[in-house]
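Quick notes on the structure that follows.
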Amino acid sequence: MATATSIVRSPAALLFAKVTVSDHNPTPTIQISRFPSKRSCFTALLSSLHHDNNNDDNNNNNNNVISHPKPLSSSQLFNSISNGSRLRVAYQGVRGAYSEAAAEKAYPNCEAVPCDQFDSAFQAVEKWLVDRAVLPIENSLGGSIHRNYDLLLRHSLHIVGEVKLAVQHCLVANHGVQLEDLSRVLSHPQALAQCENTLTKIGLSREAVDDTALAAKHVALHKLKDTGAVASSSAAKIYGLNILAQNIQDDCDNVTRFLILAREPIIPGIQNPFKTSIVFSLEEGPGVLFKALAVFALRQINLTKIESRPLRNQPLRAADDNNGSKYFDYLFYVDFEASMAEERAQNALRHLKEFATFLRVLGSYPVDTTMM
């Protein structure tokens, strides 16, 4: 079972602690092919760091000193949005995807960079190809995006914010195609599920693809006459498609929550509402999960999300009985409404560490109180 290697001494220690997971395999190197080359910028950055390090070497006579960027404060994070800085922000999908809209809501002046897979977006931030990634984590109708929960643990990025985006699906097709001409529709599995009742009434067969905007692009590129797509109005405009029906989701309250990820965490504040995301594991036993959740209830800390995922590489463990039974080991992802700058949050995690076998703070960040 994995163990935490750091000792909690302060909110900064909790937020920036390095945790080793002994049963976790390193991420294999994957070639990212969709990004334009930024070798010159990356080389300049490395040269700048090397130059700074040489100065440090002269002053400190230490050839191993490396200058790392300091964590941003929450005020610095928002200043980077308002001062006109053009950040490169990765998202999964192609132009017209809802994730692109979420990235532009988070950073209105950003350069949104499409990635073919969620993992590619994580790697793009780690490799300094982009500054941030904006990725979906849950939807009010479809539930959690389990892939991204797993990737949060596999990678070393930090959650620095969240974005809530109202999703309004459209049925789109090529110009000249009428509703009665359609026999099938393409889209992301979650989008198809969110429009299930409407699509059933129309009588369309459904085919899943990687994302909504890619479905629209495919219909337009191949000039399909019997196939439509469930996508955004933005995707219809980008790919020259006609909107046959708007707001076809089964529930009008269709909201997707996105996480903003960065290489460095922000320093949490207490001026605005903050949320903190953690992941932990527990020994099996009666009442252990109750004890874990009680550390928050005892301090009047509200939990807004709890998600369990099987522990990778150790999914089953033999029970301490004579029946030869086995049970799952789980990781628990929890979001709670408190900043790590608050003493009650620090005390709650100190308490949790007394019996958790593994604990990692994924980020403490401002709550998105807007809706788009």
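- One distance of note links CG of Leu259 with CD of Glu162; it measures 7.5 Å at 0.5 Å rounding.
- Between Phe296 and Asn302, the closest side-chain pair of non-hydrogen atoms is not below 4.5 Å.
- Note on Ile270: it does not cluster hydrophobically with Phe336, by side-chain heavy-atom contacts below 4.5 Å among ILVMFWY residues.
- No path of Ile, Leu, Val, Met, Phe, Trp and Tyr side chains, each step under 4.5 Å between heavy atoms, connects Ile278 with Val367, placing them in separate hydrophobic clusters.
- Side chain of Thr276 to main chain of Ala338: a donor-acceptor pair is present (N/O by atom type, distance under 3.5 Å, no hydrogens or angles).
- Put simply, Ile260 and Tyr91 are part of two different groups of oily side chains (I, L, V, M, F, W, Y) that touch within less than 4.5 Å, one to the next.
- Once rounded to the nearest 0.5 Å, the distance linking CG of Leu186 with CZ of Arg206 reads 12.5 Å.
- Between the side chain of Ser308 and the backbone N or O of Tyr330 there is no donor-acceptor pair closer than 3.5 Å.
- Counting all heavy atoms, side chain and backbone alike, Tyr107 lies closest to Arg132 at OH-NE, 3.1 Å.
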Item to check | Candidate pair Asp181 and Lys225, rule salt bridge (charged side-chain N to carboxylate O under 4.0 Å, His left out), full reasoning | outcome: CA-CA 7 Å; Asp181 298 328; Lys225 299 300 182 181; over 6 Å; no
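- With respect to the salt-bridge test (charged N to carboxylate O, under 4.0 angstrom), the residues Arg309 and Glu307 do not qualify.
- Between atom OG of residue Ser281 and atom CZ of residue Phe332 there is a gap of 8.5 Å, rounded to the nearest 0.5 Å.
- Within the 4.5 Å cutoff, the side chain of Asn139 has heavy atoms near those of the Gln194 side chain.
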Checklist entry - Should Val177 and Leu182 be marked as a side-chain contact (heavy atoms from CB on, under 4.5 Å) after you check the CA-CA gap, both sets of side-chain angles, and the distance that decides it? => result CA-CA 8 Å; Val177 175; Leu182 299 180; 3.6 Å; yes
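- In this structure, Leu141 and Asp250 have side chains that are not in contact, with every pair of non-hydrogen atoms separated by 4.5 Å or more.
- Counting heavy atoms from C-beta on, the side chains of Val172 and Val219 never come closer than 4.5 Å.
- Scanning both residues, Gly96 and Ala213, for their nearest heavy atoms gives C-CB, 3.5 Å.
- For the residue pair Leu244 and Ala173, the shortest heavy atom distance occurs at CD1-CB, 3.8 Å.
- Leu349 and Ile306 fall within a single hydrophobic cluster, where Ile, Leu, Val, Met, Phe, Trp and Tyr side chains are chained together by heavy-atom contacts under 4.5 Å.
- Proximity of Leu129 to Val113: side-chain heavy atoms (C-beta onward) are nowhere separated by under 4.5 Å.
- Note on ring orientation: taking the six-membered ring where Trp is involved, the planes of His169 and Tyr98 are perpendicular (angle over 60°, cut-offs 30° and 60°).
- Taking 4.5 Å as the limit, some side-chain heavy atom of Ser99 sits within range of a side-chain heavy atom of Pro136.
- Side-chain contact between Gln178 and Asn242 is absent, with no heavy atoms from C-beta onward closer than 4.5 Å.
- Although no hydrogens or angles enter the test, the distance criterion places no donor-acceptor pair under 3.5 Å between the side chain of Glu138 and the main chain of Arg257.
- Residues Val94 and Asp210 are not in side-chain contact: their nearest non-hydrogen atoms beyond the backbone lie 4.5 Å or more apart.
- The minimum heavy-atom distance between Ala102 and Val163, with the atom names listed, is O-CG1, 3.9 Å.
- With hydrogens and angles ignored, the 3.5 Å screen pairs a side-chain donor or acceptor of Gln346 with a backbone N or O of Met340.
- In the model, Ser277 has no side-chain atom that pairs as donor or acceptor with a side-chain atom of Lys305 under 3.5 Å.
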Next on the checklist: Using the rule given for side-chain contact (heavy atoms from CB on, under 4.5 Å), can you reason through Val295 versus Phe355, listing the C-alpha separation, both sets of side-chain angles and the distance that settles it, and then say yes or no?
Outcome noted: CA-CA 11 Å; Val295 306; Phe355 47 88; 3.9 Å; yes
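- Between His222 and His218, the ring planes lie tilted relative to each other; the angle falls in the 30° to 60° range.
- With rounding to the nearest 0.5 Å, the separation of CG in Leu204 from CG in Leu179 is 7.0 Å.
- The two atoms that bring Pro268 and Phe274 nearest to each other are CA-CE2, 3.7 Å, heavy atoms only.
- Side-chain polar atoms of Gln249 and Asn254 form no donor-acceptor pair below 3.5 angstrom.
- The closest side-chain donor-acceptor pair between Arg350 and Asn347 falls under 3.5 angstrom.
- A distance-only check finds a donor-acceptor pair linking the side chain of Lys105 to the backbone of Lys164 [under 3.5 Å].
- Using a distance-only test at 3.5 Å, with no hydrogens or angles considered, no donor-acceptor pair links the side chain of Arg299 to the main chain of Ala345.
- From Thr369, atom OG1 reaches atom CG of Asn272 across 8.5 Å, with rounding to the nearest 0.5 Å.
- Between atom OG of residue Ser232 and atom CD1 of residue Ile243 there is a gap of 8.5 Å, rounded to the nearest 0.5 Å.
- In terms of modelled atom types and a separation under 3.5 Å, the side chain of Thr256 and the main chain of Val167 share no donor-acceptor contact.
- Shown here is Glu180, whose CD atom has more than 12 heavy atoms of other residues, nucleotides or ligands within 6.0 Å.
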Item to check | From CA spacing to verdict: side-chain contact (heavy atoms from CB on, under 4.5 Å), Lys353, Phe280 | outcome: CA-CA 9 Å; Lys353 280 178 65 70; Phe280 61 90; over 6 Å; no
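- Under the 4.5 Å side-chain heavy-atom criterion for ILVMFWY residues, a single connected hydrophobic cluster contains both Val134 and Leu157.
- The nearest pair of heavy atoms linking Leu151 to Phe118 is CD1-CB, 3.6 Å.
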Checklist entry - Yes or no on side-chain contact (heavy atoms from CB on, under 4.5 Å) for His155 and Asp119, after CA distance, side-chain angles and deciding distance? => result CA-CA 9 Å; His155 294 270; Asp119 195 35; 2.7 Å; yes
